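Because the structure is predicted, anything quoted here is derived from the model rather than measured.
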Amino acid sequence: MGRGRGGRGGGGPPPRHLVETEKRSLVCACTGCALLFDRPGIVTGRFRAVPQRYLADPAHRLDDGAWERLQIPVGVAFFFRNAALDRLVALYPSPAGATESELDPQTWQDVLGSGRLSGLLESDVEALLLRRTEGRTSCHLVPIDVCYELVGRMRLLWQGFDGGAEARAALDAFFAEVGRRARVLAPGPVS
């Protein structure tokens, strides 16, 4: 296992990521090493493999009032359960990197907790990724490393007060890719 982002090298499978839960950091791992930690629902010590699933729930709706209750000052945020702290963490991309927002547990429950995606969310390794555009909020369950990839892109591209055209274009492309990769949940309860 190595730290940081690795390349494909000899054309093999791309590296996977592990979450080092105690430090709340990502670690690169080859596919073989990642498989050792890839057991959904099982705590495997200080490392957990980041799943590769992307899910969308078209029935998930957030109105303007719900977004305001989340108290996120920008149009993109991600939420994950931190098992060590036993609480939800809300983060959003900014020119300075990932910015944490305090979130009242009751607000989380009222706004996002009853959604089908939040019921599927695996602590530490997956996140609910929200984007508010034109009065509509999309919500996807994604691997946590994807969220930090977005944070890195925004940090590199951000210009001026509103991010600039290049950052907005990258954000649109990023969410188009998330939408393309996401498996849409069928209507009804999730098993």
Is the shortest heavy-atom distance from the side chain of [X] to the side chain of [Y] under 4.5 Å?
| X | Y | result |
| --- | --- | --- |
| S123 | F80 | no |
| V184 | L55 | no |
| S138 | L130 | no |
| R53 | E122 | yes |
| V151 | L91 | no |
| P143 | V125 | no |
| M154 | P95 | no |

Starting at [atom1] of [X], measure out to [atom2] of [Y] and round the result to the nearest 0.5 Å.
| X | Y | atom1 | atom2 | value |
| --- | --- | --- | --- | --- |
| R183 | L185 | CZ | CG | 5.5 Å |
| L117 | L112 | CG | CG | 9.5 Å |
| C147 | H140 | SG | NE2 | 11.5 Å |

Taking all non-hydrogen atoms of both residues, which atom of S118 and which atom of G115 are closest, and how far apart?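 So the minimum-distance heavy-atom pair works out to OG-O, 2.8 Å.
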Please report the closest heavy-atom contact between A90 and I72, naming both atoms and the distance.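 Taking A90 first and I72 second, the nearest heavy atoms are CB-CD1, 4.4 Å.
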Qualifying residues under side chain to side chain donor-acceptor pair (under 3.5 Å), relative to [X], sequence neighbours excluded:
| X | answer |
| --- | --- |
| Q71 | none |
| T99 | S94 |
| T107 | D104 |
| R181 | Y54 |

Mind checking what makes side chain to side chain contact (heavy atoms under 4.5 Å, CB included) contact with A59, not counting sequence neighbours?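 Once residues adjacent in sequence are excluded, the partners of A59 under the side chain to side chain contact (heavy atoms under 4.5 Å, CB included) criterion are D57.
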Of all pairs that satisfy side chain to side chain donor-acceptor pair (under 3.5 Å), the ones with a partner from residues 72-90, not counting sequence neighbours: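 Every side chain to side chain donor-acceptor pair (under 3.5 Å) pair that includes a residue of residues 72-90, provided the two are not neighbours, is R87-E100.
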Please report the C-alpha distance between V50 and D124 in whole Å, then the side-chain angles of each, then the deciding distance to 0.1 Å, and finally whether the side chain to side chain contact (heavy atoms under 4.5 Å, CB included) criterion is met. CA-CA 9 Å; V50 175; D124 300 314; over 6 Å; no
In sequence, state the C-alpha distance, the side-chain angles, and the governing distance for L70 and F79, and then conclude on side chain to side chain contact (heavy atoms under 4.5 Å, CB included). CA-CA 11 Å; L70 292 173; F79 304 82; 4.0 Å; yes
Are Y92 and L157 connected in the hydrophobic side-chain network, where two residues link if heavy atoms are under 4.5 Å apart?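 They do not share one cluster, since no chain of ILVMFWY contacts under 4.5 Å joins Y92 to L157.
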If two hydrophobic side chains count as joined below 4.5 Å and joins carry through other members, does W158 share a cluster with V74?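 No, no single cluster joins them.
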Please tabulate, for side-chain N and O atoms in residues 169-178, each donor-acceptor pair with protein atoms closer than 3.5 Å (sequence neighbours left out).
residue, atom, partner, partner atom, Å
D172, OD1, R131, NH1, 3.3
D172, OD1, R131, NH2, 2.6
E177, OE1, R180, NE, 3.0
E177, OE1, R180, NH2, 3.4
E177, OE2, R180, NH2, 2.6

Stepwise side chain to side chain contact (heavy atoms under 4.5 Å, CB included) test for L128 and V142: CA-CA 6 Å; L128 294 182; V142 298; over 6 Å; no
Exam field: side chain W67 to backbone R69, donor-acceptor pair closer than 3.5 Å: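 Side chain of W67 to backbone of R69: no pair is present.
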Going by salt bridge (Lys or Arg N to Asp or Glu O under 4.0 Å), name the pairs with one or both residues in residues 150-170, residues two or more places apart or in two chains.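 Non-adjacent pairs meeting salt bridge (Lys or Arg N to Asp or Glu O under 4.0 Å): E149-R153, D162-R168.
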Tell me, which pairs form a salt bridge (Lys or Arg N to Asp or Glu O under 4.0 Å) where one or both residues lie in residues 70-79, sequence neighbours left out?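 Passing the test, one end in residues 70-79: no pairs.
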Non-neighbouring partners of R136 that pass salt bridge (charged side-chain N to carboxylate O under 4.0 Å, His left out), sequence neighbours left out: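 Checked R136 against salt bridge (charged side-chain N to carboxylate O under 4.0 Å, His left out); zero matches.
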Using the test ring-ring contact (aromatic ring centres under 6.0 Å, His included), find all partners of F78 that sit at least two apart in sequence or belong to another chain.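 By the ring-ring contact (aromatic ring centres under 6.0 Å, His included) rule, F78 matches Y148.
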